[in-house]
Amino acid sequence: QKEVEQNSGPLSVPEGAIASLNCTYSDRGSQSFFWYRQYSGKSPELIMFIYSNGDKEDGRFTAQLNKASQYVSLLIRDSQPSDSATYLCAVSYLKTGNQFYFGTGTSLTVIP
Amino acid sequence: GAVVSQHPSRVICKSGTSVKIECRSLDFQATTMFWYRQFPKQSLMLMATSNEGSKATYEQGVEKDKFLINHASLTLSTLTVTSAHPEDSSFYICSAGGRSNQPQHFGDGTRLSIL
């Protein structure tokens with residue numbers, strides 16, 4: 001069974017701090033990893049994706065992938081109140097085409 | 001980035017009504033589209049995978065005769081909730097992906113309320 005686990009939170013950080021969101025997955029056959037942000041009452045929107053071990057940076061966001069330890073994380077630097085949302089981790093497997101397996105999400109609150 | 005359009009955004013109707021939701025990929029061809037349901041404060045639940053030109057694959061526990069999915073072209077998939085009842089009230093979201101392992105892009109969702 002392919003499992004993707006996230007701490008549901010809530011995670012609270014002060015404005016300007018670094019928010020660190022973590023995700024672990026069970027299947028070593030995992031190929032691609034995605035982070036989505038979902039505001040309350042809205043649909044998810046893609047933030048970043050990462051395929052290879054290491055770090056990938058995009059503005060204030062950095063995705064980190066460690067396939068040996070089977071975890072992927074998202075760092076948000078200089079957190080803003082507008083970053084307050086639920087962050088979903090998703091994993092896909094080559095063998096299942098582009099079906100995604102989602103974690104339950106981590107709720108982040110950035111305190112002004 | 002890729003754009004997925006979903007309509008309608010909100011539906012309120014009486015019990016027993018059938019409701020059709022459309023999901024379109026506007027600027028790319030989506031060989032696969034996915035339909036999710038999300039209840040308040042809960043995670044996304046995959047309902048079915050829709051492949052262009054073939055029958056949809058439903059997740060365990062999802063009634064295929066109640067949730068009819070049609071994916072007639074590479075840019076359009078529809079979900080019809082037949083004879084909807086209050087327990088079908090939920091937030092329905094479609095997503096579309098291109099090639100394998102590429103990101104899925106979500107529509108804005110349809111909030112369905114059955115009275």
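We name chains A, B, ... by the order of the sequence lines, and we start the count at 1 in each one.
Of all heavy-atom pairs spanning B:Asp108 and A:Ser43, the tightest one is CA-OG, 3.5 Å. Residues B:Pro103 and A:Tyr51 approach most closely at CD-OH, 4.2 Å, considering heavy atoms.
A chain of hydrophobic side-chain contacts below 4.5 Å, direct or via other Ile, Leu, Val, Met, Phe, Trp or Tyr residues, connects A:Tyr101 to A:Tyr87. A:Leu46 is connected to A:Leu88 through a chain of hydrophobic side-chain contacts under 4.5 Å among Ile, Leu, Val, Met, Phe, Trp and Tyr, so both are in one cluster. Both B:Val62 and B:Leu112 belong to a single network of hydrophobic side chains, linked directly or stepwise wherever heavy atoms of I, L, V, M, F, W or Y lie under 4.5 Å apart. By the rule that hydrophobic residues join a cluster once side-chain heavy atoms approach within less than 4.5 Å of another member, B:Phe106 and A:Phe100 end up as members of one cluster.
With a 4.5 Å cut-off on non-hydrogen atoms, B:Gln42 does not touch chain A at all. Residue A:Gln38 touches chain B through its side chain alone, counting heavy-atom pairs closer than 4.5 Å.
Note on A:Gly105, A:Gly41, A:Ala90: by heavy-atom pairs under 4.5 Å with chain B, the leading option is A:Gly41.
A distance of 9.0 Å separates CG of B:Leu46 from CZ of A:Phe102, quoted to the nearest 0.5 Å. Rounding to the nearest 0.5 Å gives a distance of 9.0 Å between CD of B:Gln102 and OG of A:Ser92. Annotation: the span from B:Lys41 atom NZ to A:Ser8 atom OG amounts to 12.5 Å, rounded to 0.5 Å.
Heavy atoms from other residues, nucleotides or ligands lying under 6.0 Å from NZ of A:Lys56 number more than 12. Surrounding NZ of A:Lys42 are at most 12 heavy atoms belonging to other residues, nucleotides or ligands under 6.0 Å away. Other residues, nucleotides and ligands contribute at most 12 non-hydrogen atoms within 6.0 Å of the NZ atom of B:Lys55.
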*Criterion side-chain contact (heavy atoms from CB on, under 4.5 Å) on A:Tyr36 and B:Gln104, from CA distance to verdict*: CA-CA 10 Å; A:Tyr36 288 83; B:Gln104 287 187 22; 3.6 Å; yes
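You'll find the side chain of A:Thr86 stays beyond 4.5 Å of the side chain of B:Ser43, heavy atoms only.
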